[in-house]
Amino acid sequence: MIDRLAVPLGIPLPWLDRAGRLSWLKLAVFLACIAPALYLAGAYRLDALGAKPITALIHATGEWAVRFLLFSLAISPLRRIADWGKVLVVRRMLGITVMAYAVAHLTLYAVDQNLVLTKVVTEIALRLYLTIGFVALIGLIALGLTSTDAAIRNLGPNWHRLHRLVYTIAVLALVHYFLQSKIDVSDPVFSAGLFLLLMGWRAMRRFKLPERPWSLLLLAILGGLATAGLEAAWYGLASGVPASLVLAANLDFSGPIRPAWWVLATGLLMPAIALLRGARPSSKTAKPGSGRDRVAAPRGTPSRAAASQPLSPSA
């Protein structure tokens, strides 16, 4: 009944497709998007977030913003490798989710500062990691506000130029994540490794390299090695720990598994999916109307496919 009323009333229910029908894919992704927020709200209500619940909420919302940003950037590889064009319909939802968690992240920080806005502004201006995070947030808000169909039509080709900033925003968000983590950067290293993996796939697309299981396997291995190198470089620069010790820790399985191995495991999903789906080179998998990585309608007018994928262009 709600679904039937939504379209005539102009209510954009996120689980409906453009024809006003229920989309199980959109519904599943919508539930996944709100699940962390519901969990955190429940944990706060039950006093299960430790001695500093607001601080815990600040960290958690920031981490989920980064995770959903990576999920949004993974849409294009998933569509290409799995030959699953329908997944494009959830890109806008994921992008808006990133913005929502990032705004909640800043709002909670203001709450932690007793809503003294002068102090919040001063802290952002004086602390480098807060400045970087705030710039990333402004970028996310700009992309979120231009994610509507009307904005896509009005901006024309400039819409694509604007939304390519998502990669710069992702870098800023990851730098902010590293700097605020201070001592243990395992989670930021893992997130950065996934970002390198996703950007490596885009580099393959840009240079027209074949997207076959063997090349995707090589990409996964390189992604894991790059993650190990990034972790060693960070600890070496930030705390003076010899790079050799950090790299050697990747071969010590008596403790926690290092981020490089998790990135490798995630990367191995790509050749596995390619094998299961019988993936062909990307130049042959694109289908008319399914939406290419960089959607560009004739004469500078964004196509209908473009309207479903704001916030994460996949060049």
Side-chain angles (χ1 to χ4, degrees), residues 36 49-71 73-74 98 101-102 105-106 108-109 112 123-137 167-203 217-270:
L49 293 176
K52 297 182 178 180
I54 299 300
T55 300
L57 288 174
I58 292 171
H59 292 164
T61 50
E63 289 165 359
W64 278 108
V66 171
R67 289 166 188 157
F68 280 111
L69 180 55
L70 294 172
F71 290 154
L73 291 175
V98 177
Y101 278 97
H105 181 61
L106 176 62
L108 287 164
Y109 176 74
D112 193 48
E123 289 290 301
I124 291 174
L126 296 179
R127 295 179 182 269
L128 179 61
Y129 80 97
L130 291 178
T131 305
I132 293 172
F134 184 72
V135 172
L137 173 61
Y167 306 121
T168 302
I169 292 170
V171 172
L172 292 174
L174 288 169
V175 172
H176 171 74
Y177 195 5
F178 269 94
L179 292 175
Q180 69 88 31
S181 297
K182 297 180 177 63
I183 299 175
D184 184 5
V185 294
S186 295
D187 288 339
V189 168
F190 175 62
S191 296
L194 293 181
F195 178 72
L196 292 174
L197 193 66
L198 293 169
M199 296 309 293
W201 177 85
R202 284 166 169 80
L217 173 61
L218 179 59
L219 174 62
I221 295 172
L222 291 176
L225 291 174
T227 303
L230 175 65
E231 182 181 36
W234 178 266
Y235 278 114
L237 293 173
S239 57
V241 178
S244 58
L245 292 179
V246 181
L247 292 173
N250 286 279
L251 301 177
D252 181 5
F253 298 101
S254 61
I257 304 299
R258 304 310 305 166
W261 291 105
W262 291 113
V263 171
L264 174 61
T266 304
L268 290 177
L269 293 175
M270 294 191 291

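Keep in mind it's a predicted model, so treat the numbers as computed, not measured. Numbering starts at 1 and runs along the sequence shown.
Residues satisfying the side-chain contact (heavy atoms from CB on, under 4.5 Å) test with A56, not counting sequence neighbours, are L49. Every residue two or more places apart in sequence or in another chain that forms a side-chain contact (heavy atoms from CB on, under 4.5 Å) with V175 is listed here: I132, V171, L179. Judged as a side-chain contact (heavy atoms from CB on, under 4.5 Å), and not counting sequence neighbours, the contacts of A232 are A243, V246, L247. With sequence neighbours left out, F178 forms a ring pair (Phe, Tyr, Trp, His ring centres under 6.0 Å) with W234. The ring pair (Phe, Tyr, Trp, His ring centres under 6.0 Å) search around F71 returns F68, not counting sequence neighbours. For S186, the side-chain hydrogen bond (donor to acceptor under 3.5 Å, both in side chains) test picks out D184, with sequence neighbours left out.
No hydrogens or angles considered: nothing links the side chains of R67 and Y101 as a donor-acceptor pair under 3.5 Å.
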Name each donor-acceptor pair under 3.5 Å that joins a side chain in residues 57-64 to protein atoms two or more places apart or in another chain, with its distance.
residue	atom	partner	partner atom	Å
T61	OG1	L57	O	2.8
T61	OG1	I58	O	3.0

Side chains of residues 222-229: which donor-acceptor pairs under 3.5 Å do they make with residues two or more places apart or in other chains?
residue	atom	partner	partner atom	Å
T227	OG1	G223	O	2.7

Run the side-chain donor-acceptor check on residues 251-260: report pairs under 3.5 Å with partners two or more places apart or on a different chain.
residue	atom	partner	partner atom	Å
D252	OD1	S254	N	3.1
D252	OD1	S254	OG	2.7
D252	OD2	S254	OG	3.3
R258	NE	E231	OE2	3.4
R258	NH2	E231	OE2	2.3

Start with the C-alpha distance between Y235 and V185, add both sets of side-chain angles, then the distance that settles side-chain contact (heavy atoms from CB on, under 4.5 Å), and finish with yes or no. CA-CA 9 Å; Y235 278 114; V185 294; 3.5 Å; yes
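Of all the heavy atoms in G267 and L197, the pair that sits closest is CA-CD2, 3.5 Å. The two residues V263 and L194 make their nearest non-hydrogen contact at CG2-N, 4.1 Å.
With rounding to the nearest 0.5 Å, the separation of CG in L172 from OG1 in T131 is 11.0 Å. Annotation: the span from H176 atom NE2 to H105 atom NE2 amounts to 3.5 Å, rounded to 0.5 Å. Note that OG1 of T55 and CG of L108 are 10.0 Å apart. Values are rounded to the nearest 0.5 Å. With rounding to the nearest 0.5 angstrom, the OH atom of Y109 is 7.0 Å from the CD1 atom of I124.
Among residue pairs with one or both ends in residues 187-198, none qualify as side chain to side chain donor-acceptor pair (under 3.5 Å); sequence neighbours excluded. Screening residues 218-227 for salt bridge (charged side-chain N to carboxylate O under 4.0 Å, His left out), with sequence neighbours left out, gives no hits.
Other residues, nucleotides and ligands contribute over 12 non-hydrogen atoms within 6.0 Å of the CZ atom of F195.
Contact annotation: the side chain of K52 never approaches that of D112 to less than 4.5 Å [non-hydrogen atoms, C-beta and beyond].
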